[in-house]
K.L.:
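I am attaching a structure below and will ask some questions about it afterwards.
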There are 2 protein chains.
Amino acid sequence: MSERRARRTAPTSHDVARLAGVSQSTVSYVMSGKRSISAETRERVMAAIEQLTYQPNAGARALRGRTTHVIALMVRLGERADPRDTVPYIDTIVEAARERDYDVVLITTDEGPDGLKRMAGRQNCDAFILMDVAARDERIATAAALDLPVVLIGTPADRAGLDAVDYDAVAAAEALVDELADTGHTHAVVLGETGGVVPGEYWFLSAFHDACRDRAAARGLAFDAVHPDRPGWAGVDAAAPRLLAHRGERLGLIARTPQAAEWLLQLTRLHGLRPGADVSVVGVCSDAAAAAFDPPVTNVSAQARDVSRKAVDLLFERLGGSETEPGLHLIAPGELHRRATTAVFS
Amino acid sequence: MSERRARRTAPTSHDVARLAGVSQSTVSYVMSGKRSISAETRERVMAAIEQLTYQPNAGARALRGRTTHVIALMVRLGERADPRDTVPYIDTIVEAARERDYDVVLITTDEGPDGLKRMAGRQNCDAFILMDVAARDERIATAAALDLPVVLIGTPADRAGLDAVDYDAVAAAEALVDELADTGHTHAVVLGETGGVVPGEYWFLSAFHDACRDRAAARGLAFDAVHPDRPGWAGVDAAAPRLLAHRGERLGLIARTPQAAEWLLQLTRLHGLRPGADVSVVGVCSDAAAAAFDPPVTNVSAQARDVSRKAVDLLFERLGGSETEPGLHLIAPGELHRRATTAVFS
DNA sequence: GTGAAAGCGCTAACAT
DNA sequence: ATGTTAGCGCTTTCAC
């Protein structure tokens with residue numbers, strides 16, 4: 001007795017209308033609130049919707065209303081990206097989109113410009129957010145020609161008239177160097193990028209390092225930027241002589257990422273230095289991460305959530321028809337929090 | 001002179017048909033290949049498609065064909081999850097879906113069962129993949145009632161008749177303990193979960209630890225599982241006395257994650273022990289990550305990509321109408337790779 | 001080998 | 001305050 005379960009077909013607004021004894025359009029208007037409905041009718045319709053657990057068909061809505069309620073998020077997910085640097089952005093973008101009843105389609109940077117053309121051409125989405133924007137990024141010209149709202153996260157050399165949001169890496173660098181200067185340090189060393197990162201590929205890298213250098217000069221600190229030639233801890237370990245060259249003096253170490261901070265703590269520990277006493281470690285990371293380090297690390301906050309929120313806000317302004325001049329929106333780091341790893345030299 | 005750019009409306013199959021001098025249905029059939037078309041007609045249609053850069057409207061397709069070409073991926077993205085453990089899965093799922101011309105909508109576990117109902121009810125997707133499946137997971141009953149294909153990644157107490165794919169944590173644990181036993185170790189200690197992870201919340205945690213314990217007993221090794229009571233490095237550091245209690249003997253340390261391996265290396269280093277000579281460190285992580293450690297860590301591979309691929313394969317089998325009995329599919333760890341951190345005791 | 005036409009489920013303009 | 005109807009762009013009969 002092969003019992004084949006009949007595939008129940010989903011209820012339509014027509015079914016709701018019949019059950020409520022009204023016309024299909026009335027159901028639509030009840031849902032949208034775009035015209036006044038007598039309390040009694042509304043009630044009956046709502047009851048029918050409830051009873052059938054009716055939900056409007058997204059395809060039909062998209063077809064008719066030419067709006068998909070989907071935003072496409074293009075991000076790098078492969079080995080080349082550190083997930084800890086991207087997931088907080090993604091999480092916040094999904095959250096902010098959902099607050100407006102939008103869903104997020106995830107596509108990878110590897111798809112390149114064709115991925116954007118596909119999503120836009122098939123009308124799979126209403127708008128784009130592009131992450132991991134490089135200084136020269138082949139996706140940007142395509143995105144700009146798309147006739148759909150686009151927001152970049154990152155700072156390209158040429159925005160091509162698009163909105164962009166980025167973390168203010170310069171302000172972050174300056175705040176960190178100032179902390180060292182204000183507490184009597186004489187030497188600042190920033191741990192640079194490990195492995196084969198092309199210098200100038202991303203604005204935030206060069207901007208951060210340049211700002212460190214410039215601010216150190218302005219505040220009268222000796223400065224070095226150490227870029228390990230091997231990736232991972234091994235590279236940091238190998239660079240120890242240069243990183244700690246001035247360990248006898250008033251030395252402050254600067255980390256651009258939580259991972260870098262972790263390595264610097266490890267390095268100082270291994271060389272018998274006490275962070276906060278013999279040497280300082282300061283860096284960019286979330287307040288939560290900074291407080292969780294052992295010892296807690298003096299930090300300026302990385303603001304991934306603020307950057308993402310701003311990006312989504314901008315996107316929905318555009319979707320709402322805003323025609324204001326597109327621009328680059330820099331998100332300031334939070335206040336610097338002095339924690340245990342700042343050594344105060346008198 | 002306010003120049004308002006006319007919003008070009010996207011070309012339709014009708015436009016293509018007109019330009020090629022054929023009927024709309026012919027355009028459709030050229031694209032789908034569902035009936036034979038004369039070479040000459042096909043050529044003209046293709047040329048028109050090219051010229052207009054026509055792409056079919058996804059909403060219309062979904063409406064007519066009742067298939068969205070979208071799979072929904074529900075995953076935990078917030079602070080409670082380590083992005084390094086989830087992103088490789090996500091990446092592979094997106095990749096595998098794209099190979100079949102499907103897109104992936106990302107929704108968060110926080111949306112819970114209602115998120116599934118919404119996606120299914122609105123017909124926003126054709127199928128689901130659920131990640132971070134807990135032993136008792138409120139999403140599963142809802143998912144099972146959905147009448148759409150669902151694949152779980154993880155092992156719940158009750159699959160409710162759904163397909164599930166998981167990493168074979170038991171086999172991994174056994175391979176690691178065997179490596180220690182085979183190389184003459186007398187003591188095995190596994191670094192457990194840090195912070196407030198509820199024991200039994202996830203199958204893979206208890207399964208891994210139980211399997212370590214059982215295999216150690218079977219192979220005659222003294223065994224301990226150390227669960228730090230603080231999260232992060234601080235917890236590991238505080239647990240050092242117990243982790244290294246048997247440092248004088250033939251001790252092997254077991255890490256379930258790359259992060260754990262990193263901490264164990266750091267711990268041994270800090271206590272003047274040489275991994276691979278005085279003590280062993282073995283763990284579960286990708287071969288790439290294992291080789292990148294300093295020194296390279298003996299590992300069994302974590303197989304995130306294989307798990308994800310299997311999940312997507314299963315999903316498309318179901319979408320293709322397969323009615324085979326759903327089951328739990330365990331993905332075996334790769335071969336154990338002995339690297340520098342195995343100490344061989346004679 | 002090709003065309004004409006119906007209809008998927010919805011919204012909004014046009015009725016009353 | 002509500003009903004009727006056209007039509008979004010596509011796929012797939014049905015007809016030749």
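In the text below, chain A, chain B and the rest are named by the order of the sequence lines, each starting its count at 1.
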K.L.:
Partners of A:R318 by salt bridge (Lys or Arg N to Asp or Glu O under 4.0 Å), sequence neighbours excluded?
P.N.:
A:D163

K.L.:
What is the distance, rounded to the nearest whole Å, between atom CG of A:L52 and atom C1' of C:dG9?
P.N.:
15 Å

K.L.:
Would you indicate whether A:E99, at its atom CD, is surrounded by more than 12 heavy atoms from other residues, nucleotides or ligands within a distance under 6.0 Å?
P.N.:
yes

K.L.:
Within the 4.0 Å heavy-atom criterion, would you say A:S32 contacts the bases, only the backbone, or no part of the nucleic acid?
P.N.:
nothing

K.L.:
Using the test salt bridge (Lys or Arg N to Asp or Glu O under 4.0 Å), find all partners of B:D158 that sit at least two apart in sequence or belong to another chain.
P.N.:
none

K.L.:
Return each pair, listed once, that meets ring-ring contact (aromatic ring centres under 6.0 Å, His included) where at least one residue sits in residues 26-58 of chain A; pairs must be two or more places apart or across chains.
P.N.:
none

K.L.:
Within the sub-3.5 Å range, which N or O atoms of nucleotides 14-16 of chain C have a protein N or O partner, and how far apart are they?
P.N.:
none

K.L.:
Does any pair with a residue in residues 67-78 of chain B pass salt bridge (Lys or Arg N to Asp or Glu O under 4.0 Å), and if so which ones, sequence neighbours excluded?
P.N.:
B:R76-B:D110

K.L.:
Which residue pairs pass the salt bridge (Lys or Arg N to Asp or Glu O under 4.0 Å) test when at least one of the two sits in residues 21-30 of chain B, sequence neighbours left out?
P.N.:
none

K.L.:
Report the residues that fulfil salt bridge (Lys or Arg N to Asp or Glu O under 4.0 Å) with A:E40, sequence neighbours left out, ordered by chain and then residue number.
P.N.:
A:R44

K.L.:
Which atom pairs, donor and acceptor, lie under 3.5 Å between side-chain atoms of residues 85-98 of chain B and protein residues at least two apart or in another chain?
P.N.:
residue : atom : partner : partner atom : Å
B:T86   : OG1  : B:P83   : O            : 3.3
B:D91   : OD2  : B:R305  : NH2          : 3.1
B:T92   : OG1  : B:P88   : O            : 2.9
B:T92   : OG1  : B:R305  : NE           : 3.4
B:T92   : OG1  : B:R305  : NH2          : 3.3
B:E95   : OE2  : B:R309  : NH2          : 2.9
B:R98   : NE   : A:E111  : OE2          : 3.1
B:R98   : NH1  : B:D101  : OD1          : 3.3
B:R98   : NH1  : B:Y102  : O            : 3.3

K.L.:
Mind checking salt bridge (Lys or Arg N to Asp or Glu O under 4.0 Å) for A:R18 and listing every partner two or more places apart, or none if nothing turns up?
P.N.:
A:D15

K.L.:
Hey, is A:R80 close enough to A:E201 for a salt bridge, meaning N to O under 4.0 Å?
P.N.:
yes

K.L.:
On DNA chain D, which is the earliest and which the latest nucleotide, 5' to 3', with an atom closer than 4.0 Å to a heavy atom of chain B?
P.N.:
D:dG9 to D:dC14

K.L.:
Rounded off to whole Å, could you give me the CG-to-P distance for the B:N124 and C:dG9 pair?
P.N.:
15 Å

K.L.:
Check this for me, if you would: do A:D313 and A:R100 make a salt bridge, where the nitrogen-to-carboxylate-oxygen distance has to be below 4.0 angstrom?
P.N.:
yes

K.L.:
Do any of residues 58-66 of chain B sit with a heavy atom less than 4.0 Å from DNA chain D, and if so which?
P.N.:
B:A60, B:R61, B:R64

K.L.:
Ignoring backbone atoms, establish whether A:S28 has a side-chain N or O less than 4.0 Å from OP1 or OP2 of C:dA12.
P.N.:
no

K.L.:
Where along residues 12-25 of chain B does a heavy atom come under 4.0 Å from DNA chain D, residue by residue in number order?
P.N.:
B:T12, B:S13, B:Q24, B:S25

K.L.:
Please tell me if the side chains of B:N57 and A:R122 come closer than 4.5 Å, counting only heavy atoms from C-beta onward.
P.N.:
no

K.L.:
Surrounding CE of B:M31 (heavy atoms of other residues, nucleotides or ligands, distance under 6.0 Å), is the total greater than 12?
P.N.:
yes

K.L.:
If you compare every side-chain N and O of A:K34 against the phosphate oxygens of C:dT11 (OP1, OP2), does one of them come in below 4.0 Å?
P.N.:
no

